[in-house]
> 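Take a look at the following structure, please.
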Amino acid sequence: MSPGHVECTSSELLAVVASRELRARRTVFAGIGLPTLAASLAHLTVAPELEIVYESGVCGAHPSQLPETIADAVLITGAEAVLPMPVLFGYVLQGGHIDVGFLGAAQIDRFGNLNSSVIGDWHAPKVRLPGPGGAMEVMASAREVFVVMRRHDRRSFVDELDFCTSPGPHRALAEGVRPLGAGVTRVVTELGILASSGQGDELRLVAVHPGVTVEQAREATGWDLAVAPDLGTVQPPTAAELRLLRDEVDPGRVYLR
Amino acid sequence: MSPGHVECTSSELLAVVASRELRARRTVFAGIGLPTLAASLAHLTVAPELEIVYESGVCGAHPSQLPETIADAVLITGAEAVLPMPVLFGYVLQGGHIDVGFLGAAQIDRFGNLNSSVIGDWHAPKVRLPGPGGAMEVMASAREVFVVMRRHDRRSFVDELDFCTSPGPHRALAEGVRPLGAGVTRVVTELGILASSGQGDELRLVAVHPGVTVEQAREATGWDLAVAPDLGTVQPPTAAELRLLRDEVDPGRVYLR
Amino acid sequence: MPRSAPAQPDKTMTMREAIAAHVHDGGTVSLEGFTHLIPTAAGHEIIRQGRRGLTIVRMTADIVVDQLLAAGCVTKLVSSFVGNSSAGSLGELRRRIESAEGEPLEFEEYSHYGMICRYLAGAQRLPFYPLRSYAGSDLPSVNPAIRTVTSPYADERVHVVPPVNPDVTIVHAQRADRAGNTQIWGLTGIQAEAVFAARRAVVVVEEIVADEVVRSDPNRTVIPAHAVDAVVECPRGAHPSFAQGYYDRDNAFYRSWSAISRDPDRLQAWLADWVHGTADHAEYVAKLGPEFWARLEVGEALSLPVNYGRRL
Amino acid sequence: MPRSAPAQPDKTMTMREAIAAHVHDGGTVSLEGFTHLIPTAAGHEIIRQGRRGLTIVRMTADIVVDQLLAAGCVTKLVSSFVGNSSAGSLGELRRRIESAEGEPLEFEEYSHYGMICRYLAGAQRLPFYPLRSYAGSDLPSVNPAIRTVTSPYADERVHVVPPVNPDVTIVHAQRADRAGNTQIWGLTGIQAEAVFAARRAVVVVEEIVADEVVRSDPNRTVIPAHAVDAVVECPRGAHPSFAQGYYDRDNAFYRSWSAISRDPDRLQAWLADWVHGTADHAEYVAKLGPEFWARLEVGEALSLPVNYGRRL
């Protein structure tokens, strides 16, 4: 245990680690939950000019309470702008104004391609998942995509997706299309951080949480996970970070369960 | 002179005759001047549900005074809707919500094709005119187009346009494109009314003003003007029409010079 | 020209009249509202009137779609998100898609922006609309309507989607005048495009207001009257979603829907009780009761007025 | 989360600073505002700073374009209407196009919707934008940028225009906060699209207001802060056009421009007097004098407030 280490929950760990990755970013496209917590913390620490843009069209929200959905009424009242959907998706997102988009998925592969449509065959699925929503657009147009996965196991980190909903640039380039963004560049999990430098290269394990071994991470991953030569150890959340997260960002413990 | 005939100016004549052609129409795309006068009079007479849509995006205007431009501040205050330009041009006009569009032009040919770009060669014009504005879009998407021309002479009614800015369906169809609308179906001039039934047929002289001869009209037209077998005489403005036009529509005589 | 303004045609009618007049068996019905202003009461009236064979077009297929599916109204769904918000699953929808039992449901899947672009193409009478999504996705392989076009400016392909032109679009809004000039604030979503894309449009509102209210702020009019065929006043008609400034979202109901919809019998009992068991939305509202509505009440946060000016 | 809101970066600067920083010789500059809110003061500052070789993109090339042409700033014009509103001609523009004398002006002509679609494509980062105009027109024969695409859904061709992505877009608006959240009412035109299409954007406003004013009505924000690089407070900066609710249009000046611009010497004298002869727009305003401005004053017609609601 390093000095200053404080016990924290898995949600707090993921939110803090993700927040650090937002250093100096200007705009983030974030859903409710861990992404909002991470972005709100980053705003208080490493990215003071960070603006959260919600899929619902809200920019510069000043919510009186933690929002329960991306369209919560408390995000609207007192916001700086509420944009129609064609403006949000067409001009802001596809137009290239988003630095980092947060996405989740049921399955992710080594290139950061994501499946949020089905488990099994699309035509007769074992599980019908919610589907693309705006994830495909975030993947195509945000400069980078961060994925936060609570669970790091072989069901989610797969060698082959059942269905590719939101493709990374690797797959788009194979079809002759060069997307604006670099695809998934960071995956933050309970075991550590996977990273990709940009278009086309595989996600590699670049850091593990204290106490986690490389073998644990490789075992929990459905493909032959590459490991960075300069593999690091994630610095645990500091007391200062946790205090801000708990006292300023989510004092009501809505998401920090 | 028919009973009830009242002396009137050329502007009044054109406005009254054009207004009658708007019978039972619902939406009209109109510029300032004669088209607005005609539409406003039609609203009081033959088309009680008529709505004027302005190129500036104003719908359902209730101006406190006669507007001086299509974007006059008095059209905005108290209007029912002010639409952004992509909505006005994309959804309302191209979307097919306009029954009649009014257009003017420097030159018109027998198929109702219009020139508002140049006199002479486009690359080295004798006169550079204002250009297309939204006329091309009105021609392509309004169900019908009405043209009001103060001057009926061979300089304006030409055998061949110097430049076709806004093509009628005849020319569009020649390129394999079927437009939504019927192109120019009515031309109201100081000599009478030219009409076309719909896509592709020539404008024919269908009525002359009292005292105007067919030969006068043919002489003033740069092509071999066809005459309808059932050629009529335009009923002169009635006292009731002129009273409404003078007392209700333009009491300040802004356009009725 | 004081009398040059058009006579406002009165398009108001009851929900029963509007659904009877504009929603027909086998038709394509767009119901829009992104989390905010979901036209639930209209969906319930479609169920009450027993429509069959509908194609429902809706970006976020959520509770009201699950209810329409369970009531047997729907044979095809066009959507970009099929889930109960972030609160869980849609039981009926999953049964219809995941199991071979029951009536099959045809499902056409797009991304959010793909749906938006279909409405944009529909509203603009375009043969297609280009977008930067889909390259590399498996979606085009299961949805042949997603195609590509080569740019005439560079050797570059871009995906396109076809227009959607629903037989009728139904949206919910805060207020309109009798002619259909419709004002929405807060999230305005894709409502205007869905209305312009449709052959007919029904606007359901929290309140029909005097012309002067609408006309005091013409920029707030998101849908102009000439695009609207029917105006229905139906207070609280967006429940369990919310109407900014009128009532809050019923998050508890969203959370409960996963359990209700998981059990087909319980779901049918819910429909019998709350939809077939109420004559109209006013009864549904009354059945929930004043204490229930008090919990969703919202306070006041008024916009500051702007000056439109008056010629002196 | 009371402290989770972003720190508002202050982007305010003087007109002189904004033009110096964002308008460069040889650059492509979009100036938008359809009759309403024309960024005239910005055009005058471009003249004062003596920019050269500009490509001006503006739907309605009117007085401010004629002035920029006369000052020698412009080598190319992209436009869909080149006239002095309905009040007459642009003398300098006609001289540059009609006669072989003087510096040639490259002119790229579109229809209004063609220009709108170029901004839409630019804002959406699309390789082209389809529209239903141009079939049968002679315009494509003199503008090779207007092309066609065949629909992949039916054997149907549609015309397309390429995106425009100006180096900088300058628009005028009623008000913004210091970060650039910009609110416009009355005619909103194509300003938002022109800003989103541009690499840099300068917003000139009648007044910079407190954050709380903007935030009381977020739907009024037509341009969000993240699309804006500079905010310039410049009251009456749209003269001779108007700012809804602030001052009326100077119709007399429009009418006088035909005569001023018809005579090159008189036009140069006008520039010397009113543009080079004033240090900035505040001096121009002062030079016109209070009696002049009194004639353009407007009265009050306030919008009725709407309730955004507050969670209880």
Side-chain angles (χ1 to χ4, degrees), chain C residues 120-121 124-132 145 147-154 156-158 160 162-163 174-175 183-188 209 212-214 216-220 222 242-248 294-312, chain D residues 120-121 124-132 145 147-154 156-158 160 162-163 174-175 183-188 209 212-214 216-220 222 242-248 294-312:
Chain C
L120 285 166
Q124 291 170 54
R125 215 167 40 86
L126 286 173
F128 60 82
Y129 200 97
L131 72 168
R132 292 271 186 197
R147 300 187 183 170
T148 62
V149 154
T150 299
S151 167
Y153 300 104
E156 184 182 13
R157 280 189 321 138
V158 65
V160 296
Q174 278 110 333
R175 69 189 186 195
Q183 301 197 322
I184 302 179
W185 58 98
L187 303 176
T188 56
V209 295
E212 290 66 33
V213 174
V214 164
S216 86
D217 200 354
N219 285 106
R220 192 86 71 192
V222 169
F242 68 111
Q244 192 84 33
Y246 286 75
Y247 46 90
D248 216 335
R295 289 201 301 275
L296 300 183
E297 211 173 298
V298 297
E300 206 167 75
L302 297 181
S303 65
L304 294 171
V306 298
N307 185 21
Y308 276 90
R310 190 169 47 75
R311 185 156 295 156
L312 298 171
Chain D
L120 284 167
Q124 293 172 54
R125 215 167 39 89
L126 286 172
F128 60 83
Y129 200 97
L131 73 168
R132 293 273 187 194
R147 301 187 182 171
T148 63
V149 154
T150 300
S151 166
Y153 300 104
E156 186 182 9
R157 280 189 320 139
V158 67
V160 296
Q174 279 108 332
R175 68 189 187 195
Q183 301 197 323
I184 303 178
W185 58 99
L187 301 175
T188 56
V209 294
E212 290 66 32
V213 173
V214 164
S216 85
D217 200 354
N219 286 107
R220 193 87 69 193
V222 169
F242 68 110
Q244 192 82 34
Y246 286 75
Y247 47 91
D248 215 335
R295 289 201 301 278
L296 301 183
E297 211 173 296
V298 298
E300 204 168 74
L302 297 181
S303 64
L304 294 170
V306 298
N307 185 21
Y308 276 89
R310 190 169 47 76
R311 187 157 291 157
L312 298 170

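In this text the structure is predicted, and so the values were computed from the model without any measurement. Chain identifiers are assigned alphabetically (A, B, ...) following the order of the sequence lines, protein sequences preceding nucleic acid strands; residue numbering begins at 1 within each chain.
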> Under the ring-ring contact (aromatic ring centres under 6.0 Å, His included) test, which residues partner Tyr129(C), sequence neighbours left out?
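For Tyr129(C) the ring-ring contact (aromatic ring centres under 6.0 Å, His included) partners, ignoring immediate neighbours, are Tyr129(D).
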> Once ring-ring contact (aromatic ring centres under 6.0 Å, His included) is applied, do any residues pair with Phe128(D), and if so which ones, sequence neighbours excluded?
none
> Is there a side-chain contact between Pro130(D) and Pro130(C) in this structure, where contact means two heavy atoms from C-beta onward sitting under 4.5 Å apart?
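In short, these two side chains touch, coming nearer than 4.5 Å.
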> May I ask you to say whether Asp217(D) pairs ionically with Arg220(C), meaning some side-chain N is under 4.0 Å from a carboxylate O?
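Looking at Asp217(D) and Arg220(C), the cut-off is met.
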> For residues Arg311(D) and Val298(C), determine if any side-chain heavy atom of one lies less than 4.5 Å from a side-chain heavy atom of the other.
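No, every pair of side-chain atoms sits at 4.5 Å or beyond.
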> Please classify the contact between Val158(D) and chain C as side chain, backbone, both or neither, with a heavy-atom cut-off of under 4.5 Å.
side chain
> Grab the two heavy atoms, one from Ser216(D) and one from Leu304(C), that are nearest each other, plus how far apart they are.
OG-N, 3.0 Å
> With a 4.5 angstrom heavy-atom cut-off, which part of Pro218(C) approaches chain D: side chain, backbone, both or neither?
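For Pro218(C), no heavy atom lies under 4.5 Å from chain D.
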> Do any N or O atoms from the side chain of Tyr153(C) and from the backbone of Ala145(D) form a donor-acceptor pair under 3.5 angstrom?
yes
> Tell me, do Arg132(D) and Pro127(C) make a side-chain contact under 4.5 Å, heavy atoms counted?
yes
> With only heavy atoms counted, which part of Gln244(C) is less than 4.5 Å from chain D, the side chain, the backbone, both or neither?
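Backbone plus side chain of Gln244(C), per the 4.5 Å heavy-atom cut-off to chain D.
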> Measure distances from Val213(C) to the heavy atoms of chain D and classify the residue's part below 4.5 Å as side chain, backbone, both or neither.
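It is both, since atoms from each part get that close.
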> May I ask you to decide if Ala301(D)'s main-chain N or O and Arg310(C)'s side chain share a donor-acceptor pair within less than 3.5 Å?
no
> Could you report the tightest heavy-atom contact between Thr150(D) and Val149(C), atom names first, then the distance?
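Minimum heavy-atom contact is O-CG2, 4.2 Å.
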> Pro152(D) versus Thr148(C): any side-chain heavy-atom pair under 4.5 Å?
no
> Can you say whether Arg295(C) sits under 4.5 Å from chain D via the side chain, the backbone, both, or neither, judging by heavy atoms?
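Nothing of Arg295(C), per the 4.5 Å heavy-atom cut-off to chain D.
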> So which residue, Leu296(D), Val306(D), Asp248(D), Asn219(D), ends up with the most heavy-atom pairs under 4.5 Å with chain C?
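Sorted descending by pairs with chain C, the first entry is Val306(D).
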> Does any backbone or side-chain atom of Leu131(C) lie under 4.5 Å from a heavy atom of chain D? Answer side chain, backbone, both or neither.
backbone
> Mind listing the closest non-hydrogen atom pair of Leu302(C) and Pro305(D) along with its distance?
CB-CB, 4.2 Å
> Report yes or no: does Tyr308(D) contribute a side-chain atom to a donor-acceptor pair with the main-chain N or O of Trp185(C) at less than 3.5 Å?
no
